[in-house]
Amino acid sequence: MKHLLKISDLTTDEFEGLLKLAQKLKAEIKAGVEHHLLKGKSLGMIFSKSSTRTRVSFEVGMYQLGGKSLFLSSSDIQLGRGETVYDTAKVLSRYLDGIMIRTFLQSDVEDLAKYGSIPVINGLTDDHHPCQALADLFAIYEHKGKLKGLKLAYVGDGNNVAHSLMEACAKAGVDFAVASPKGYSCREDIVEGAIQQAKKTGCKIVVTEDPVEAVSGADAIYTDTWVSMGQESEKQERIKVFMPYQVNKKLYSHANDGAIFLHCLPAYRGYEMTEDIIDAPFSVVFDEAENRLHVQKAVMATLMG
Ligand code: CP
Ligand code: NVA
């Protein structure tokens with residue numbers, strides 16, 4: 001494993017290895033055991049989009065691993081003024097031991113990995129959010145005690161978060177159903193790839209426009225904002241289209257008893273889910289958020305150690 005660009009690049013062993021290491025690092029840090037696996041190493045964190053969780057969890061994670069992180073806003077570095085990804089990759093490879101990047105185009109992240117000589121970690125693009133999916137599956141595992149044989153329903157926009165989650169479920173043997181309105185479903189090539197992967201792990205991938213169908217028999221329900229970063233001008237139209245896909249008590253009643261609720265955050269109460277869902281005892285959104293720290297430490301230790 002050289003980079004983390006998208007979940008489908010990982011082998012099943014690599015995927016499971018990251019979750020296992022995350023579990024170990026989480027237990028250690030809670031027990032007060034220091035693990036300076038990246039002593040003296042530096043991580044550059046390029047951000048072309050806003051962030052709370054990704055920025056803070058990578059920075060704290062690097063600190064806990066004994067290394068140092070640098071916040072590089074794309075509006076401050078020359079990349080934002082037109083320096084090429086090629087030159088940026090070459091130069092940063094001379095200083096750093098790893099790069100985390102959050103940006104728009106997946107191809108920019110792939111190019112950074114291709115032209116640089118250090119590990120690259122995708123901290124979200126328009127198409128993928130692999131660190132999030134790792135944290136999500138870790139949270140589901142902690143709450144349900146297993147992954148294989150469970151069903152996860154994603155209701156809402158077929159976006160970056162949905163793509164990575166679908167790929168992660170296919171890898172982990174979790175049945176995955178996604179319900180999105182017409183014109184907002186997941187990318188077909190990503191769905192096709194996940195279906196092929198799911199055949200190997202023995203789970204099902206279902207794509208539908210019907211939220212009730214998706215949620216029926218689910219052990220976990222997931223949603224994300226209807227308006228991702230970069231789509232702000234479509235906000236009014238999207239709210240209209242997505243309202244029938246709101247996760248509320250009525251929709252939740254179709255899930256299995258004890259079904260948990262997940263959301264990558266930031267969340268918008270009254271839109272993609274009601275307050276009584278996200279603030280309910282079965283909501284695990286803050287465990288998910290915490291797990292970003294632990295899985296990303298596992299990713300960094302694996303790639304940069
Ligand atoms: N879930 C997530 O990636 O959050 P941030 O945008 O705050 O990093
Ligand atoms: N789909 C959202 C996720 C934010 C963490 C976005 O891309 O804005």
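Position 1 is the first residue of the sequence; numbering continues from there. Numbering of ligands and ligand atoms starts at 1, following listing order.
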**Q** Looking only at N/O atoms, are Cys264 and ligand 1 under 3.5 Å apart anywhere?
**A**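 Among all N and O atoms of Cys264, at least one is under 3.5 Å from an N or O of ligand 1.
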**Q** I'd like to check which ligand 2 atoms, numbered from 1 as shown, lie under 4.0 Å from a non-hydrogen atom of Leu265.
**A**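 In order of number, 5 (C).
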**Q** Once you restrict to heavy atoms under 4.0 Å, what part of Gln132 touches ligand 1? Side chain, backbone, both or neither.
**A** side chain
**Q** Taking the six-membered ring of Tyr115 as reference, does the cationic atom of Lys90 (NZ for Lys, CZ for Arg) lie under 6.0 Å from its centre and within 45° of its axis?
**A**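 Relative to the ring axis of Tyr115, which defines the angle, Lys90 lies outside at least one limit.
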**Q** For ligand 2 and Arg102, I'd like to know whether there is a polar contact (N/O to N/O, distance under 3.5 Å).
**A** no
**Q** Tell me whether Lys151 contacts the main-chain N or O of Lys204 through its side chain, where contact means a donor paired with an acceptor under 3.5 Å.
**A** no
**Q** Among all the protein's non-hydrogen atoms, which is closest to atom 4 (O) of ligand 1, and how far away is it?
**A**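 Ranking protein heavy atoms by distance from atom 4 (O) of ligand 1, first comes Arg53 NE, 2.8 Å.
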**Q** Where is the nearest protein heavy atom to atom 7 (O) of ligand 2: which residue, which atom, and how far?
**A** Asn160 ND2, 2.8 Å
**Q** Would you say Glu167's side chain and Ser8's backbone share a donor-acceptor pair under 3.5 angstrom?
**A**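 Yes: the side chain of Glu167 pairs with the backbone of Ser8.
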**Q** Would you find more than 12 non-hydrogen atoms of other residues, nucleotides or ligands less than 6.0 Å from Tyr63 atom OH?
**A**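 No.
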**Q** Quick one: does Thr225 get an N or O within less than 3.5 Å of an N or O on ligand 2?
**A**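 No, no N or O pair falls under 3.5 Å.
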**Q** Note the single closest protein heavy atom to atom 2 (C) of ligand 1, along with its residue, its atom name and the distance in Å.
**A**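 Here the closest protein heavy atom is Arg292 NH1, 3.3 Å.
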**Q** For atom 6 (C) of ligand 2, what is the nearest protein heavy atom, given as residue, atom name and distance?
**A** Ser228 OG, 3.3 Å
**Q** Just do the side chain to side chain contact (heavy atoms under 4.5 Å, CB included) check on His294 and Ile29 with the steps written out, would you?
**A** CA-CA 9 Å; His294 308 299; Ile29 206 80; 4.0 Å; yes
**Q** Side-chain donor-acceptor pair under 3.5 Å between Thr208 and Asp210, yes or no?
**A** no
**Q** Parallel, tilted or perpendicular: which describes the rings of Tyr271 and Trp226, with under 30° parallel and over 60° perpendicular?
**A** perpendicular
**Q** Among all protein heavy atoms, pick out the one at the shortest distance from atom 8 (O) of ligand 2; state its residue, atom name and that distance to 0.1 Å.
**A** Met229 N, 2.8 Å
**Q** Spell out, as yes or no, whether a donor-acceptor pair under 3.5 Å connects the side chain of Asn256 to the backbone of Ala259.
**A**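 Not a single qualifying donor-acceptor pair exists.
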**Q** Can you report which non-hydrogen protein atom sits closest to atom 7 (O) of ligand 1, along with the distance?
**A** Thr52 N, 2.6 Å
**Q** Using a 4.0 Å cutoff against the non-hydrogen atoms of Leu124, which atoms of ligand 2 qualify?
**A**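 In order of numbering, the contacting atoms are 3 (C), 4 (C), 5 (C), 7 (O).
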**Q** Which residue in the set Ile260, Leu165, Val247 passes side-chain contact (heavy atoms from CB on, under 4.5 Å) when paired with Tyr222?
**A** Leu165
**Q** Among Arg102, His129, Lys49, Glu288, whose heavy atom sits nearest atom 6 (O) of ligand 1?
**A**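 Selected option, by shortest heavy-atom distance: Arg102.
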**Q** To check you understand the geometry: which heavy-atom pair defines the closest contact between Cys264 and Asp224, and what is its length?
**A**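 In this case the closest contact between Cys264 and Asp224 is SG-OD1, 3.2 Å.
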**Q** Check whether any heavy atom of Leu265 sits under 4.0 Å from an atom of ligand 1.
**A**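 Under 4.0 Å: yes for Leu265.
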**Q** Give the residue and atom name of whichever protein heavy atom lies nearest to atom 3 (C) of ligand 2, and the separation in Å to one decimal.
**A**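 Scanning the protein heavy atoms, the shortest distance from atom 3 (C) of ligand 2 goes to Asp224 OD2, 3.7 Å.
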